[in-house]
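The basis for the numbers below is simple: all heavy atoms, side chains too, and nothing from hydrogens, waters or symmetry mates. Protein chains get the first letters and strands the later ones, always in sequence-line order, with residue 1 at the start of each.
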2 protein chains.
Amino acid sequence: MRHAAKKAPPFKRTSHDHGHCVEDALDRAETLCDAQGARLTDLRRAVLELVWRGHEPIGAYALLDALRKTHPGAAPPTIYRALEFLEAHGLIHRIESLNAYIGCDHPERPHVSQFLICAKCSTAAEIDDPSVSRALSKSADGAGFAVTRQTVELSGLCPTCQREARA
Amino acid sequence: MRHAAKKAPPFKRTSHDHGHCVEDALDRAETLCDAQGARLTDLRRAVLELVWRGHEPIGAYALLDALRKTHPGAAPPTIYRALEFLEAHGLIHRIESLNAYIGCDHPERPHVSQFLICAKCSTAAEIDDPSVSRALSKSADGAGFAVTRQTVELSGLCPTCQREARA
DNA sequence: AATTGGCATGTTACATTGTAACCGATGCGA
DNA sequence: TCGCATCGGTTACAATGTAACATGCCAATT
């Protein structure tokens, strides 16, 4: 049992059924919002879908452009409100160092935001590493600091881009 | 020896000789730049001093306003170039979640950026916790990810503001 | 001393990202 | 049906960050 059930390593981006993965995310969001009495409106759902489409961090204005195809009247506040809602409900993360947003891998578990961000191909892999969280909690506790939000962002090169760089 | 030489806990913000602490930071910066053959010009030095003055995160445009008292011609590029230089040489950190900058506590050691940021009083305490770094390195290694930059920002309440909140 | 080349800075203009404030529409419970 | 809260439209603007080109300055070389 030692290695069997380990979750897939973040960058094993095995070709996946993307359409399915987006739908899946939307379904889970639906369920989650129902459970919380939160309203996943058409607009919010549309934005969430767009966030998931690219499967990599995307900026608010890029989302806005995309959103306008289906919601022509959309303006900056439109997108920012939707993003605020989605983030508040754990459905997306904001990546501070990129001013960008990405879908959350596992919105059902309360969690923090930890990412490996490739500077070359700009994929961002969510790692929700308990030992990192533990170390951080310990550090914060030691300082008497009450954490409400974690931002952990490691920039660098993903395995694929490293190989390319060597070649 | 176990506990004797521990560095001061981040939020023991014992009233310190601020003027001295700023000068000290500037002196260390001078030394460091000399050693690296980097040019800590008047302008850059002035910006670094302003960053240290407040002893808490400060935005680029606030710095710009302050800088204009001594350098009337300063424009956005002025400040951003100086900040870029200072950050590249480890003299300041950018706090991504605040779009702000703060002086680095120990520029001589190569290090990462780890902060506890109080949402109330907006002080930011640098914690350079090896066990956090270790956990992060391990996580990144496990994913085959080559880290070039760490951003760790914990928002919350500092001990002082917690006490105030309870009262 | 003059030349040249690199770096720092000045200057203008603009791009990107994010918000405030107010309004009407919609839905839902009292 | 009325009142209330939430959602979203709309306008205008604030805050943050950069591109691109011009100028100045110093220092090494000739």
* To do: Could you please spell out the steps behind the side chain to side chain contact (heavy atoms under 4.5 Å, CB included) verdict for A:E49 and A:R53?
  => CA-CA 6 Å; A:E49 180 171 356; A:R53 276 248 170 280; 2.7 Å; yes
* To do: Tell me, with the steps shown, if B:S133 and B:Q114 meet side chain to side chain contact (heavy atoms under 4.5 Å, CB included).
  => CA-CA 9 Å; B:S133 299; B:Q114 303 176 353; 3.1 Å; yes
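For A:Y61 and C:dT16, the shortest distance from a side-chain N or O to OP1 or OP2 is not below 4.0 Å. Phosphate contact (OP1/OP2 of D:dG9, side-chain N/O of A:T78, threshold under 4.0 Å): present. Applying the 4.0 Å criterion to OP1 and OP2 of D:dG17, one finds that B:R94 has a side-chain N or O inside that range.
The interatomic distance linking A:E87 (CD) with C:dT17 (P) rounds to 16 Å, in whole Å. Atom CZ in A:R68 sits about 11 Å away from atom P in D:dG9, given to the nearest Å. Regarding A:L98, its CG atom lies at a distance of 11 Å from the P atom of C:dT17, rounded to whole Å. Atom CD1 of B:I58 and atom P of D:dA15 are 14 Å apart (whole Å). Atom CD in B:E84 sits roughly 15 Å away from atom C1' in D:dT16 (whole-Å rounding). Across the protein-nucleic acid pair, A:H89 atom NE2 and D:dC7 atom C1' stand 13 Å apart, rounded to whole Å. When the P atom of D:dC7 is taken as reference, atom CG of A:L67 falls 17 Å away, rounded to whole Å. Taking atom OH of residue B:Y80 and atom P of nucleotide D:dA15, one finds them 12 Å apart after rounding to whole Å.
When distances run from any side-chain atom of A:P77 to the nucleotides C:dT19, D:dG8, D:dT6, the shortest one goes to C:dT19. Of all nucleotides listed (C:dT11, C:dT9, D:dC7), C:dT9 comes nearest to the side chain of B:T41.
Judged by atom type and distance alone, A:R81 reaches the base of D:dG9 through a side-chain donor-acceptor pair under 3.5 Å.
Each of A:P76 and A:R44 was assigned the nucleotide of DNA chain D with the nearest heavy atom; the assignment lying further toward the 5' end belongs to A:R44.
Between A:F85 atom CZ and A:L43 atom CG the span is 10.5 Å, to the nearest 0.5 Å.
Checked by atom type, the side-chain pair A:E96/A:T151 shows no donor-acceptor distance below 3.5 Å.
In summary, the aromatic rings of B:H93 and B:F115 are positioned with their centroids under 6.0 Å apart.
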